[in-house]
Each structure stands twice: as structure tokens, then as C-alpha cells.
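All values below were derived from every heavy atom in this structure, side-chain atoms included, with hydrogens, water molecules and symmetry-related copies excluded.
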Amino acid sequence: MNELLIKLDLKDYIAEFKTLFAREKEIFLEGDTHLHFKRLRELSEVEFNPPLSVKVLDYALTHLSKQGILHLDELFEFVKILRYFSYLKSLKFEGSLKAWLDKIELLPQLLAFINAFDEKGVLKESLDERLLNLNEAIKIKKEHISLEFKKLTHTKALNPYLIDTQIHFISGFEALLVRGGFNHALRAKIIGRSSGGGFYVVPFGVEKLQSELDDLEEKKEEIYYEYAKNFSALLHKNLLFLKFINQAFDLFDHYSARVLLAKKKDYEFMLCENSSNIILKNFAHPALKNPKSISVEFNKQVLIITGVNAGGKSMLLKSILSAAFLAKYLLPMRIKADESKIGSFKDFEAIIEDPQNAKNDISTFAGRILAFSKLFTKKNLLLAVDEIELGTDFEEAACLYSALIEKLIENKLKIIITTHHKRLAMLLSKNSEVELLAALYDEALARPKFEFLKGTIGKSYAFETALRYQIPPNLVAKARQNYGEEKQGLEDLVGKNINLELELREKLLNVSEKEKKADIILQSLKEQKERNENEFRARYNALSLEFHKAIEEAKKTIKLHDTKEKQRSLNKANELKKAIILPTSTQKEEFCVGDFVKYEKIKGVIVGISKNDALIESEGLKLRIGLNLLRKSTPTPKPKTKTQISLSKPTNLALSLDLHGLRSDEALERLDKFISDALIAGLDEVLVYHGIGTGKLAFAVREFLKSHKSVKDFKDAPINQGGFGAKLVRL
């Protein structure tokens with residue numbers, strides 16, 4: 001486990017996490033993962049005090065099981081646990097946590113046991129009148145001893161023999177430090193010698209008082225032992241409950257540490273799914289400062305990451321493995337949890353470092369092959385291999401490792417691979433269970449983007465990187481010539497392929513955005529059509545009712561015999577007819593091409609007009625809408641253009657800065673300009689020489705680098721580059 005944490009750069013994260021435990025334990029959280037996840041989510045919604053530090057109680061529980069007697073200090077450790085659960089039960093938890101805590105009942109005799117101690121773990125005086133009397137007697141006796149020492153230090157006869165007037169604590173006794181001959185002025189017992197030749201002495205009067213004090217303390221200890229015996233017997237009777245509550249405390253301690261870390265770092269929890277898929281959205285490795293979050297989909301069995309040097313391939317590999325590891329143990333991480341998915345894996349393996357060293361007498365390649373030989377019996381394993389071709393000819397490595405990976409695919413292993421060589425990627429890419437990811441390079445700025453493109457092989461950009469680090473162009477040109485036109489043509493083709501892929505994806509993104517806008521407009525049109533149909537039906541029904549009333553009134557005249565009544569009925573029917581207002585489609589506004597108009601929520605500009613319709617352009621889409629449905633609108637405000645700042649790239653910038661002989665203020669001014677120029681030039685590592693000397697300039701440089709927001713970290717340079725007299729600075 002520890003070796004894996006080191007390989008994944010998680011050791012500091014785990015160390016910080018463990019400091020939040022109330023007592024030392026491993027990070028494993030045993031039991032139902034789904035239940036733990038649910039409780040962690042519930043606990044995250046509640047403000048609570050973390051548990052106090054508690055000792056491991058395995059020995060104490062074993063001692064109790066044998067009816068042994070615990071010391072009051074050991075008993076107080078149980079008190080702290082019981083008190084904490086009493087506190088937790090007073091909080092307003094919901095759901096699973098509440099149901100769990102409700103099952104923990106503290107018996108009255110245990111509550112009495114808890115209340116017998118104060119906050120410092122001392123038995124309360126109110127518990128026993130004997131303790132109250134003894135504490136008062138001890139207090140008085142200590143005051144007498146103090147007064148006796150004070151009287152002696154102010155005695156004229158003793159004053160010439162006193163080396164100092166302090167009270168010294170020697171071998172468990174309070175004593176005075178005096179010179180030889182003190183016996184003429186003081187009757188005392190010598191208990192020690194000082195390095196200066198003095199004597200540590202206990203006056204006989206003080207010795208008698210101290211003896212009386214010891215007797216009181218002994219009586220007090222007897223009472224303490226009596227209570228320790230009674231409390232131990234009580235705990236022995238409740239031993240099963242104590243074992244349960246001890247385990248429950250560790251479980252809540254796991255919850256508490258995880259939630260406290262999540263709140264401190266603003267992290268989220270991920271629950272592993274019953275699959276092998278890994279989808280990370282905005283994940284950031286906890287070891288990185290000001291990290292650039294990554295998003296990656298890894299649904300097949302093998303992911304091969306290729307491309308530019310120092311483009312983040314290794315960190316991406318570690319990030320994927322770290323995310324799966326943290327999710328397995330329900331440890332919080334920086335991630336967009338609602339859009340991410342992480343599968344469940346039984347074990348993890350990372351083949352990252354070079355195994356060659358003087359002790360193991362093994363070559364790099366042999367070490368890699370030895371690690372691979374142990375994988376063929378593994379199941380449900382997430383494997384990461386960094387620089388897979390390390391240590392041997394890349395052509396042979398491509399053929400060998402492609403065969404090994406094919407076998408591991410058959411064994412259903414999930415594998416992440418980084419490589420600089422394309423042959424292995426091309427061989428494996430024929431397998432349907434292999435997906436490719438390329439680290440991207442910004443050719444305009446001549447530096448890695450720390451971004452990744454799915455589905456293609458990356459270009460190494462070795463020559464471009466060499467130029468970026470000030471390798472003379474003529475040497476790079478010679479290297480290109482040695483590399484060969486055919487291989488360089490292949491590199492250029494890979495680069496063009498990546499650029500075309502990016503361009504295609506950008507166009508697809510634009511099309512996707514237009515589709516979204518079209519969906520919004522179509523939905524708006526659909527809703528408007530439904531509203532129009534509803535209004536038409538309502539108006540139609542209303543008009544039908546009004547016509548029906550008028551016709552019914554006219555029919556009444558046929559049945560009437562009186563001429564006046566017929567006339568009145570006809571007049572009423574005629575009034576009802578006149579009251580009916582028929583809908584009209586008269587156009588109130590005149591429109592022309594170029595007018596800004598709106599139809600419900602849709603705004604646009606007229607690009608064409610026919611007799612009754614207008615052609616409207618809205619957000620890149622064209623719609624034909626009736627003129628009678630349009631209303632004039634104000635133009636849609638254009639987004640404000642962003643201010644652009646142009647920086648000239650410094651020429652002939654060195655990779656190092658020499659500050660020898662400069663005053664601190666002048667040196668820091670030059671250092672500030674040097675770092676700014678280095679950032680503009682795209683450098684990510686520079687060397688600063690300050691010398692050793694009096695140390696003032698080195699201190700000023702170190703403090704300046706600590707406070708500079710663009711400095712990621714710095715360290716003393718290697719011996720051959722200045723050692724303690726220089727700093728290697730990462731930007």
C-alpha cells in the first residue's frame with residue numbers, strides 16, 4: 001500500500017487525512033460501501049465537533065475480560081468514547097445515521113460512570129466526601145511547605161550559603177541549592193550535587209511536611225484504587241457493549257475524518273459502480289498546487305496516452321489511478337461527482353519508476369518484464385504502466401508489449417499506458433478494446449497545453465521542445481536531418497491529423513450549439529402553436545355560442561302570434577347579431593428587410609418578405625413566420641469585445657540569472673523581471689545563482705520566490721549547477 005501511495009504521489013494526502021483521526025488506524029473502511037457513502041453524505045450536511053484523541057483500547061479490553069483492574073487514566077479513555085456518543089445522539093441527524101445512533105443506548109450505570117470524571121479525567125470531589133477533605137488537606141499542606149521554603153530563603157543566617165532562591169525539584173523532592181558549610185545555618189538532608197559543586201538539600205522541617213503530604217496522597221490513591229476497582233467491575237459486566245462501542249467509535253472516526261477533509265478542501269465523495277468504466281469530470285490530483293482539472297472517458301480495457309514531452313501524460317495516468325483508488329476507499333477528492341463515474345476494482349498496480357539500482361542487480365527492462373510476469377494471474381486489476389518501452393529498443397518493445405497487452409486484455413485487466421513511440425500504439429489500436437488519447441501542444445505558443453484529445457496518436461514535439469529550451473537552431477536542424485524526411489513526414493502528418501481533429505471537433509461543437517438553439521426555437525414554436533390552437537378553439541366556441549343565442553332568439557318569432565312581441569324578438573335577435581365581433585387579420589405594422597422583430601420569445605432580423613410572410617434569421621437559423629404574428633423589436637446587443645494585451649516575446653533569454661555581487665533590492669528587481677520574461681518566453685524551469693556569502697542575498701531570494709504567485713516551487717540546485725549557492729525554480 002505504502003509503495004503504491006508513493007508511486008501515485010498520494011502519500012502526503014493520506015498523511016494529512018490520517019491526522020484527522022482521533023486514534024491511529026488504517027484507511028480501510030470495512031462493511032457496506034453503499035451504506036458508508038450514504039452516511040458520509042448525511043454527515044456532510046451537519047455541523048459537528050470531531051472526537052477527542054483516544055488511545056487504542058485493545059489491551060484494556062483484554063485486561064477487563066480477565067477481570068483485571070484498569071487505572072483511572074485507562075478508564076477515562078472509555079469515558080471519552082461514551083461521552084462522544086452521548087453528544088452525537090443529541091445532534092439532529094437524519095436517515096441512516098440517526099437509525100444507527102438510535103440503536104446505541106447508554107445504560108444508567110454507564111451514565112453515572114461517565115459523570116464521575118471531570119473534563120480532565122480526574123474523579124470529581126463531589127463523588128466522595130473523603131476526596132473533598134483530602135484535597136483540602138493536601139492544598140493546606142502544600143501551602144505550609146511553600147511558606148516554609150519562603151521563610152528559609154529569607155533567613156539571614158542561611159542567606160550566605162544560598163546559591164539561588166529557587167525551589168528545585170530533584171529526584172521527586174523539593175530542595176534548595178546551597179554551598180558547603182550550610183550545616184552551620186540549616187539542618188537538612190543532602191539529596192544531590194550540582195555541576196557547580198553545590199548541594200541540593202531538603203530541610204528537615206520541609207521533609208516532615210512532605211512526609212505528611214505523601215501520606216495524604218497515599219490515602220487519596222487508595223480511594224482512587226477503590227473506585228478504579230468498582231468501575232472496572234462495572235465495565236467487565238458490560239464488556240460486550242464496550243467492544244461494540246469501541247468498534248463503533250472507530251467507524252464514526254472514519255466518517256468524521258473523511259467529512260472534515262472534504263469540508264476543508266471542498267472535495268466530493270465518489271461511490272464506485274459495479275463496472276470497469278472510468279469517467280472523470282473536472283478531476284484534480286490532490287498533490288498538485290493550483291491544478292488544471294482534467295476530464296476523461298475510459299470505457300474500454302486499454303487507454304494509450306501518447307504525445308508531447310512534459311505534456312502531463314504521466315500525471316494523467318496517476319490521476320486516473322488515484323481517482324479509482326480514492327473512490328474505492330471513499331476518500332474525498334476534487335471532482336464533479338454528479339457527472340463522473342468510477343468502476344470498482346479489487347486491486348491496483350503501478351509500473352512507473354525505473355527498477356534498476358545497485359542493490360537489486362537488475363536492468364530496467366528486466367525489472368519491467370519481471371513486474372509484467374506477475375500480472376497474468378491477476379483479476380479485476382487496474383494497471384498503470386508509465387513509459388512502457390523504457391529500457392530497451394522501442395521496435396522490439398512494441399512487438400513484445402503488444403503481445404503481452406493482448407494477453408492481459410484477454411484476462412479482463414483494465415490498463416493505462418503512456419508511451420512516446422507510435423508503433424506500439426498503432427499495433428494495439430487495431431484491438432477494439434483499445435482507445436487512444438493524445439497530449440496536445442500549442443504550436444503558436446510553443447508549449448504543451450496539458451489537454452488531451454481522444455481517438456488519435458500524439459506527436460512528440462521533441463525538436464520544438466529543444467528549441468523552447470534554447471538549443472541552437474542549427475543543431476535542431478541537423479537532428480531533423482538525421483531523423484529523416486520520411487519519419488519527419490509521418491510526424492507532420494500526425495500533427496496535421498491532430499489539428500484537423502481539433503478543427504472538426506470545434507465545428508461539431510458549433511453544430512451542437514446550433515442544434516440546441518434550434519431545439520429551443522422549435523420548442524418555442526410548438527408551445528406558441530399550442531397556445532394559438534387553444535385560443536382559436538376558445539374563440540370559436542364563444543362565437544358559436546353567441547350565434548346560437550341569436551338564432552334561438554330569431555326562432556322564437558315564429559311561435560309568437562302578437563305582432564309587437566314578434567317585432568321585439570326580432571329586434572333582440574338583431575342586437576345579439578350586431579354584438580358578435582368577428583376576428584380580423586389586419587396588419588397593424590409595416591415591415592421591411594433589415595427590421596429587428598420578435599415572435600413570442602424568438603428575436604431576429606428580417607432577411608426577406610413575401611405577401612403574407614417574412615423570412616427571419618435568428619441565431620444563425622432562418623424561419624418563415626406570418627407578418628401578422630410579428631412585432632418590431634430592438635436590436636440584440638452584441639457582446640462587448642474583450643481587451644487584448646499584446647506581449648512581445650523576449651529574444652535571446654538565458655535559462656539562468658547570476659545575482660552575485662548585487663544588493664538585495666537590485667537583485668530582487670532583476671529576478672522579478674527575469675521571471676516575467678521567462679513566463680512570456682514559455683519557460684517552465686530556470687536557474688538563479690545567488691551564491692552563499694553572508695547568506696543575506698540567499699535569504700532575500702528564497703523569501704521572494706516563496707511569495708511570487710507564478711513560482712510553483714523551488715529547491716537548491718544540483719551540485720554540478722551551483723548547489724546551495726543556486727536555486728532551481730519551476731514556473
Side-chain angles (χ1 to χ4, degrees), residues 1-14 26-28 33 270 272-280 283 285-287 294 296 298-306 313-331 333 342-357 360 362-392 397 400-419 424-425 428 431 433-435 437:
M1 170 67 77
N2 190 55
E3 184 180 353
L4 179 65
L5 294 177
I6 293 172
K7 290 179 180 180
L8 298 182
D9 298 326
L10 288 175
K11 193 171 182 180
D12 290 342
Y13 170 91
I14 296 299
E26 293 301 323
I27 64 172
F28 309 116
T33 305
M270 283 294 300
C272 290
E273 298 186 345
N274 188 22
S275 71
S276 62
N277 295 333
I278 299 177
I279 301 174
L280 305 181
F283 174 80
H285 194 287
I294 61 165
V296 62
F298 179 18
N299 295 320
K300 296 183 180 181
Q301 280 186 245
V302 179
L303 178 66
I304 300 180
I305 310 169
T306 59
K313 297 191 302 297
S314 296
M315 201 63 221
L316 177 61
L317 173 142
K318 292 180 181 181
S319 294
I320 296 173
L321 205 64
S322 296
F325 176 88
L326 296 176
K328 178 180 177 65
Y329 296 110
L330 283 177
L331 294 167
M333 65 189 91
I342 298 178
S344 178
F345 301 94
K346 182 180 179 181
D347 206 354
F348 305 93
E349 182 69 41
I351 304 175
I352 293 177
E353 80 290 346
D354 185 348
Q356 182 178 15
N357 60 55
N360 59 22
I362 190 172
S363 71
T364 298
F365 178 67
R368 286 294 178 96
I369 292 300
L370 179 62
F372 264 87
S373 68
K374 300 175 182 178
L375 299 174
F376 297 107
T377 58
K378 299 288 183 73
K379 300 291 182 183
N380 195 16
L381 174 74
L382 180 59
L383 169 66
V385 188
D386 193 30
E387 305 293 355
I388 192 171
E389 73 290 337
L390 189 66
T392 190
L400 176 62
Y401 282 123
S402 62
L404 296 178
I405 298 300
E406 292 280 358
K407 179 60 179 177
L408 294 178
I409 290 175
E410 292 179 15
N411 292 349
K412 303 299 181 183
L413 268 63
K414 189 92 168 176
I415 310 168
I416 313 158
I417 298 169
T418 68
T419 180
L424 176 62
L428 287 173
N431 192 305
E433 284 300 323
V434 175
E435 49 190 312
L437 204 63

Once side chain to side chain donor-acceptor pair (under 3.5 Å) is applied, do any residues pair with [X], and if so which ones, sequence neighbours excluded?
X    : value
T33  : none
E349 : none
D9   : K318

>> On a heavy-atom basis, which atom in C272 and which in G343 lie closest, and how many Å separate them?
In response: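 For C272 versus G343, the nearest heavy atoms are SG-O, 3.6 Å.
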[X] [atom1] to [Y] [atom2] distance, which is reported to the nearest 0.5 Å:
X    : Y    : atom1 : atom2 : answer
I279 : I320 : CD1   : CD1   : 12.0 Å
I415 : L383 : CD1   : CG    : 5.5 Å
L413 : L375 : CG    : CG    : 6.5 Å
I352 : E387 : CD1   : CD    : 10.5 Å
L331 : I27  : CG    : CD1   : 5.5 Å

>> Taking ring-ring contact (aromatic ring centres under 6.0 Å, His included) as the definition, give me every residue that meets it alongside Y13, ordered by chain and number, with sequence neighbours left out.
In response: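 Scan of Y13 (ring-ring contact (aromatic ring centres under 6.0 Å, His included), adjacent residues dropped) gives none.
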> Who passes ring-ring contact (aromatic ring centres under 6.0 Å, His included) against F325, sequence neighbours left out?
Replying inline: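 Residues passing ring-ring contact (aromatic ring centres under 6.0 Å, His included) with F325: Y329, F348.
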>> Is the terminal nitrogen or CZ of K414 (NZ for Lys, CZ for Arg) located under 6.0 angstrom from the six-membered ring centre of F298 and within 45° of that ring's axis?
In response: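 The answer is yes; both the distance and angle limits are met.
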Evaluate the side-chain proximity of [Y] to [X]: yes if any heavy-atom separation is below 4.5 Å, no if none is.
X    : Y    : result
L317 : L321 : no
I304 : I388 : no
V434 : I405 : no

>> Walk me through whether L280 and I342 qualify under side chain to side chain contact (heavy atoms under 4.5 Å, CB included).
In response: CA-CA 8 Å; L280 305 181; I342 298 178; 4.0 Å; yes
Got a sec, which residues hit salt bridge (charged side-chain N to carboxylate O under 4.0 Å, His left out) with [X], two or more places apart in sequence or on another chain?
X    : answer
K378 : none
K7   : E3, E353
E433 : none

> Would a distance-only check, ignoring hydrogens and angles, find a side-chain to backbone donor-acceptor pair under 3.5 Å from N411 to F376?
Replying inline: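 Such a contact is found between N411 side chain and F376 backbone.
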Contacts of [X] that satisfy side chain to side chain contact (heavy atoms under 4.5 Å, CB included) - sequence neighbours left out:
X    : answer
D12  : none
L400 : F365, I369, L404
N380 : F345, K346
S322 : L8, L10, H285

>> Please check if the number of heavy atoms outside K11 that lie under 6.0 Å from its NZ is greater than 12.
In response: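 Atom NZ in K11 is not crowded, with 12 or fewer foreign heavy atoms closer than 6.0 Å.
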> Which one of L303, L382, V296, I416 satisfies the side chain to side chain contact (heavy atoms under 4.5 Å, CB included) criterion with I278?
Replying inline: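 Going through the options one by one, the only one that passes is L382.
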